[in-house]
Amino acid sequence: MAIDATQPYDESNIFARILRGEIPAKAVYEDAHALAFHDIHPQAPVHILVIPKGSYVSWDDFSEHASEAEIAGFVRAVGHVARENGLVAPGYRLLANAGGHSGQEVPHLHVHLFGGRPLGPMLGR
Ligand code: 5GP
């Protein structure tokens, strides 16, 4: 079920638990501001999730409340992960769901990074 984008941060969400090391994830990158790991149900040959280490529900929360250093660090980490996984030359897609209409399910900001094949039209039906 999609989240309410205005809800307070829930420390028990699945990505908070991954950040605390309480449940495993197949990490591909980590630095002071971000963690990247493979999506558990990949929707493309490459499907990586990049999350900030801070406690932000969504892109809306992050863009309003994160520090300049957190925002810069996170954006740089997303670009780094795309380059390190060979996605720049063939091309890739970024997607961040935010709130009800988007279908966001996990209430910790995450950017989906898709690649590895032509990705088709921008939006599904
Ligand atoms: P959303 O719909 O919130 O944008 O995307 C949530 C994503 O998180 C989905 O693509 C889903 O497959 C992924 N996901 C949910 N639970 C887990 C988990 O425990 N581990 C990993 N690696 N991915 C998860």
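Whatever order the structure lists them in is the order used to number ligands and atoms, beginning at 1.
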Legend entry - Any pair counted as ring pair (Phe, Tyr, Trp, His ring centres under 6.0 Å), so long as it reaches residues 66-90, sequence neighbours left out: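 Every ring pair (Phe, Tyr, Trp, His ring centres under 6.0 Å) pair that includes a residue of residues 66-90, provided the two are not neighbours, is Tyr29-His80, Phe62-Phe74.
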Output the list of atoms in ligand 1 that are nearer than 4.0 Å to some heavy atom of [X], sorted by atom number.
X	answer
His41	12 (O)
Glu105	1 (P), 2 (O), 3 (O)
Val106	3 (O), 6 (C)

Inset, instruction - Answer yes or no: does atom CZ of Arg76 have more than 12 heavy-atom neighbours from other residues, nucleotides or ligands under 6.0 Å? - result: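 No - once you tally the heavy atoms of other residues, nucleotides and ligands closer than 6.0 Å, there are 12 at most.
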Are [Y] and [X] co-members of a hydrophobic cluster defined by side-chain heavy atoms under 4.5 Å apart?
X	Y	result
Leu113	Ile71	yes
Leu35	Val50	no
Val111	Val81	yes
Leu95	Leu119	yes

Tell me the protein heavy atom at minimum distance from [atom], and give that distance in Å.
atom	value
atom 22 (N) of ligand 1	His38 O, 2.9 Å
atom 6 (C) of ligand 1	His110 NE2, 3.5 Å
atom 19 (O) of ligand 1	Ile14 CG1, 3.5 Å
atom 10 (O) of ligand 1	Asp39 OD2, 2.5 Å
atom 14 (N) of ligand 1	Ile40 CG2, 3.8 Å

Inset, instruction - Could you tell me if any non-hydrogen atom of Leu49 lies under 4.0 Å from any atom of ligand 1? - result: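 True for this residue.
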Legend entry - Contact check, Gly103 vs ligand 1, heavy-atom distance below 4.0 Å: yes
Inset, instruction - Could you see which bit of His112 sits under 4.0 Å from ligand 1, with heavy atoms only: side chain, backbone, both or neither? - result: side chain
Legend entry - salt bridge (Lys or Arg N to Asp or Glu O under 4.0 Å) contacts touching residues 5-30 (sequence neighbours left out):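 Counting only pairs at least two positions apart or across chains, the salt bridge (Lys or Arg N to Asp or Glu O under 4.0 Å) contacts touching residues 5-30 are Glu11-Arg20, Arg17-Glu22, Arg20-Glu22, Glu30-Lys53.
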Inset, instruction - Examine His108 together with His110 and report whether their ring centres are nearer than 6.0 Å. - result: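 Not close enough - the centres of the two rings lie 6.0 Å or further apart.
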Inset, instruction - May I ask you to check whether Asn97 has an N/O atom sitting below 3.5 Å from an N/O atom of ligand 1? - result: yes
Legend entry - Nitrogen or oxygen atoms of Phe15 and ligand 1 under 3.5 Å apart: no
Legend entry - Exam field: side chain Gln104 to backbone Val106, donor-acceptor pair closer than 3.5 Å: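 Yes, because the side chain of Gln104 sits within donor-acceptor range (under 3.5 Å) of the backbone of Val106.
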